[in-house]
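Just the heavy atoms: all of them, side chains too, but no hydrogens, waters or symmetry mates, feed the values below. Each chain gets a letter, A, B and so on, in the order its sequence line appears, and its residues count up from 1. What you are looking at is a predicted structure, and each value in this text was computed from that prediction instead of being measured.
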There are 2 protein chains.
Amino acid sequence: MNTIVKKEHGIDVAGNSGFVGEYLLYLLAAASDVASADFHAQVRERGLKVPEWRILACLSDTDGQMVTRLSQLSLIEQSHLTKIVDQMAVKGLVKRRSDDRDRRRVRVYLTESGRVLGLELVEAARAHEHAIVKQMRPGEAALLKQALKHIHALYGAGLSALPEETETTSR
Amino acid sequence: MNTIVKKEHGIDVAGNSGFVGEYLLYLLAAASDVASADFHAQVRERGLKVPEWRILACLSDTDGQMVTRLSQLSLIEQSHLTKIVDQMAVKGLVKRRSDDRDRRRVRVYLTESGRVLGLELVEAARAHEHAIVKQMRPGEAALLKQALKHIHALYGAGLSALPEETETTSR
DNA sequence: GTAAAGAATATGAATTCGCATATTTCCGCC
DNA sequence: GGCGGAAATATGCGAATTCATATTCTTTAC
């Protein structure tokens, strides 16, 4: 037979013949890992941990979110998120304020320096993303994002059945 | 103005207007997270931790890999991998054997029960993947995988410059 | 052949993370 | 207008994960 295995060089998982190299969940995790590692290094250089960056990013989009939602958005488990918010509060990046209408809720707001740092990093993230997209075929990135949202939606549906926000503006 | 924000329901990050909901690295992480969570539950039901499953899967593809490479393939940091292999060895799923040509290297082999469990789980993973792919548009999954490999390759290149295996067959 | 430099693993301490649960507050109902 | 139950956070603690480094072995250049 001619299924001679060309010696395995490097990681080249993707070009692998086995199961793993074609397994969707693996490809997702692997792509996420390698692509993120790069940017995460930048995050750490600015003295932030990755989870902190995620929170900054989420708050930059929508400030003053409640802990539970922030935990969902940032992909960080709730009790862990609470601890990270603690640290960020100490660093002066965010501050807590309990919701007036429902005092069980705790909303997290960016401080001024948090906002600044957040914007900076979001810019850096945009640039980083651009660098990646630029290396893909035209339209490939769009399709990719599309498909990723699709997958997210497949499961996200379950999560979508969440208590909605009942506030007009956090004003 | 009519940029009235329809109250935010559920997670629906993907449908978000902000930065995060369109950020590639976020979409990757989020999709990976939600899609995996599902299968990982199955893994735990069989008494395995997620990292253990990853190792089983990699070894099922190519048995007898050295620790370093296994760590790259399985996306697990080296010293952590060592510890997990310890546990798996205790469970009787794998066994270590040092490479004859280079005794610094430790190769990890599946035991018989490890092989069996591995095959079982790979089957389950295939089924699970199938269920996902089935819900996507025809060809969408293929494109997705393609793009993911593409991204992986962008960075993987750096990693590919690795010391190659110099063994004909682990016979 | 031998010392220096580099690889491959393992080990130990320090963090981070996640589960279970306590606590506070809200909500519907009697 | 008080009770039971659910929601939102926080906390304690054990397990998981990482980082720096020790250890062992290999290779290269003298």
Nearest whole angstrom, please: distance from the [atom2] of [N] to the [atom1] of [X].
X	N	atom1	atom2	result
Gln65(B)	dA8(C)	CD	P	14 Å
Lys83(A)	dT17(D)	NZ	P	15 Å
Leu81(B)	dA16(D)	CG	P	14 Å
Gln72(B)	dA7(C)	CD	P	13 Å
Leu73(B)	dA8(C)	CG	P	14 Å
Arg97(A)	dA8(D)	CZ	P	19 Å
Met66(A)	dT9(D)	CE	C1'	9 Å
His80(A)	dT9(D)	NE2	C1'	15 Å

With sequence neighbours left out, what residues match Lys83(B) under side chain to side chain donor-acceptor pair (under 3.5 Å)? none
Could you list the residues that satisfy side chain to side chain contact (heavy atoms under 4.5 Å, CB included) with [X], not counting sequence neighbours?
X	result
Thr111(B)	Lys95(B), Ser113(B)
Glu77(B)	Ser79(B), His80(B)
Arg104(A)	Asp102(A)

Of the candidates dG18(C), dT9(D), dA10(C), the side chain of Thr82(A) sits closest to dT9(D)
Pairs flagged by salt bridge (Lys or Arg N to Asp or Glu O under 4.0 Å) wherever residues 28-49 of chain A is involved - sequence neighbours left out: Arg46(A)-Glu120(A)
Quick check: does any side chain N or O of Tyr26(A) sit under 3.5 Å from a backbone N or O of Leu73(B), one acting as donor and the other as acceptor? yes
Can you name the salt bridge (charged side-chain N to carboxylate O under 4.0 Å, His left out) partners of Arg126(B), sequence neighbours left out? Glu123(B)
Do Thr82(A) and Gln78(A) meet the criterion of a side-chain donor-acceptor pair at a distance under 3.5 Å? yes
Give every pair of a protein N or O atom and an N or O atom of nucleotides 20-26 of chain D that lie under 3.5 Å apart, one pair per line with the distance.
| from | atom 1 | to | atom 2 | distance (Å) |
| --- | --- | --- | --- | --- |
| dT26(D) | OP1 | Arg103(B) | N | 3.2 |
| dT26(D) | O4' | Arg104(B) | NE | 3.4 |

5'-most contact on DNA chain C: Val67(B) or Gln87(A), nearest heavy atom basis? Val67(B)
Closest to the 5' end of DNA chain C, once Val106(B) and Ile76(A) are matched to their nearest nucleotides, is Val106(B)
Within residues 35-58 of chain B, the residues having a heavy atom closer than 4.0 Å to DNA chain D are Lys49(B), Pro51(B)
Tabulate below the donor-acceptor pairs under 3.5 Å that side-chain atoms of residues 132-140 of chain B make, not counting sequence neighbours, or state none.
| from | atom 1 | to | atom 2 | distance (Å) |
| --- | --- | --- | --- | --- |
| Gln135(B) | NE2 | Ala131(B) | O | 3.3 |
| Glu140(B) | OE1 | Arg137(B) | N | 3.0 |

